[in-house]
Amino acid sequence: MTAKLILGKDVSEEIYSELRQRIDSLKARGITPGLAVILVGDDPASQVYVRKKGEMCEQLGMHSEIIRMSGDSTQDQLMSKIAELNADPRINGFLVQLPLPPQMDETAVINAIAPEKDVDCFHPANVGRLLTGDPDFMPATPAGVQQMIVRSGVETSGKHVVVVGRSNIVGKPMAALMMQKGPGADATVTVVHSRTRDLPSITRQADILVVAMGRPRFITADMVKDGAVVIDVGTNRVDDPTHPKGSRLVGDVDFDAVKEKASAITPVPGGVGPMTICMLMANAVRAAERSAGDSQ
Ligand code: GUN
């Protein structure tokens with residue numbers, strides 16, 4: 001079997017066309033959704049992500065602000081910026097790009113963001129709402145993965161979803177989303193991680209395998225059941241002398257081998273990548289609708 005490819009570009013385009021309609025209807029009422037991003041320091045990958053977020057706002061006709069702070073800024077300076085954005089009526093949602101420089105306390109920073117503007121869904125109030133089944137914002141990458149699964153026609157109810165990795169950004173919220181009651185969820189969920197004993201015996205039970213471990217080509221074909229749906233959230237840069245840059249991006253899944261076993265698979269790049277920004281935009285539009293008094 002060669003797997004069907006699930007491409008983030010295709011799925012995100014569908015969602016963007018729905019978002020454009022919602023943005024148009026907000027604008028018709030005089031409201032332009034506004035998203036701000038704070039970038040502290042000059043981490044090259046973060047710079048690329050932040051630029052892409054600004055460009056997407058522009059393409060969608062949203063208001064966007066990128067606040068660049070030097071890498072030696074103090075925690076107090078960052079906290080004042082957050083307080084300003086919390087109070088700014090033009091900004092419906094904002095995020096602080098991670099990772100932060102070592103002098104900053106990431107937990108304190110996330111806790112300082114007003115939950116109703118926390119479009120990353122990182123604030124404990126929003127994480128708690130997700131766990132209790134009353135989510136306001138959706139965690140962007142896990143929600144993007146869920147949309148890829150659902151919009152490719154994959155049934156999730158009663159299926160065994162195995163999540164590989166237990167990070168706060170992907171693994172934990174991914175598990176919470178898939179075990180919720182309702183469409184696109186209702187799954188039996190197992191989370192495995194670096195300390196799991198006999199991890200392959202569990203990944204082999206997965207009907208849907210979501211991998212966010214941060215280890216290049218960690219999931220090999222022998223760890224995957226025939227016909228499984230495999231979603232690769234990993235992006236790892238590895239040396240490749242045959243590539244003009246001397247390196248290239250690979251996922252956490254050994255794509256070439258696993259695609260022969262899976263029924264559907266996401267490539268890296270081109271798979272989950274575009275979904276994170278897409279779902280972030282969806283959260284920003286939702287925040288604008290809420291501040292406009294819509295209950296949606
Ligand atoms: N760094 C890597 N991914 C993310 C993300 O989704 N949000 C933020 N704020 N920082 C990140």
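For ligands, and for the atoms within them, numbers begin at 1 and follow the listed sequence. Every value quoted in this text rests on a predicted model; they were computed, and no experiment measured them.
- Between Asp42 and Arg68 there is no salt bridge, since no side-chain nitrogen of the basic residue lies less than 4.0 Å from a carboxylate oxygen of the acidic one.
- Within 6.0 Å of the OH atom in Tyr16, the count of heavy atoms belonging to other residues, nucleotides or ligands exceeds 12.
- With rounding to the nearest 0.5 angstrom, the OG atom of Ser73 is 5.0 Å from the CE atom of Met104.
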Show me, pair by pair, the donor-acceptor contacts under 3.5 angstrom made by side chains of residues 230-238, not counting sequence neighbours?
unit_1 : atom_1 : unit_2 : atom_2 : d
Asp232 : OD1    : Gly234 : N      : 3.0
Asp232 : OD1    : Asp252 : N      : 2.9
Asp232 : OD2    : Asp252 : N      : 3.1
Asp232 : OD2    : Val253 : N      : 3.1
Asn236 : ND2    : Val250 : O      : 3.3
Asn236 : ND2    : Gly251 : O      : 3.1
Asn236 : ND2    : Asp252 : OD1    : 2.8
Arg237 : NH1    : Ser247 : OG     : 3.0

Pairs under 3.5 angstrom only: tabulate donor-acceptor contacts from the side chains of residues 175-191 to other protein residues two or more places apart or in another chain.
unit_1 : atom_1 : unit_2 : atom_2 : d
Asp186 : OD1    : Gly182 : N      : 3.2
Asp186 : OD2    : Gly182 : N      : 3.3
Thr190 : OG1    : His160 : NE2    : 2.7

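- Clustering of Ile, Leu, Val, Met, Phe, Trp and Tyr side chains at separations under 4.5 Å leaves Val127 isolated, with no partner residue.
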Are any protein N/O atoms closer than 3.5 Å to the N/O atoms of ligand 1? If there are, list each pair with names and the distance to one decimal place.
unit_1   : atom_1 : unit_2 : atom_2 : d
ligand 1 : 1 (N)  : Gln97  : NE2    : 3.3
ligand 1 : 1 (N)  : Leu98  : O      : 2.9
ligand 1 : 7 (N)  : Asp120 : OD1    : 3.1
ligand 1 : 7 (N)  : Asp120 : OD2    : 3.3
ligand 1 : 9 (N)  : Val96  : O      : 2.8
ligand 1 : 9 (N)  : Asp120 : OD2    : 2.6
ligand 1 : 10 (N) : Leu98  : N      : 3.0

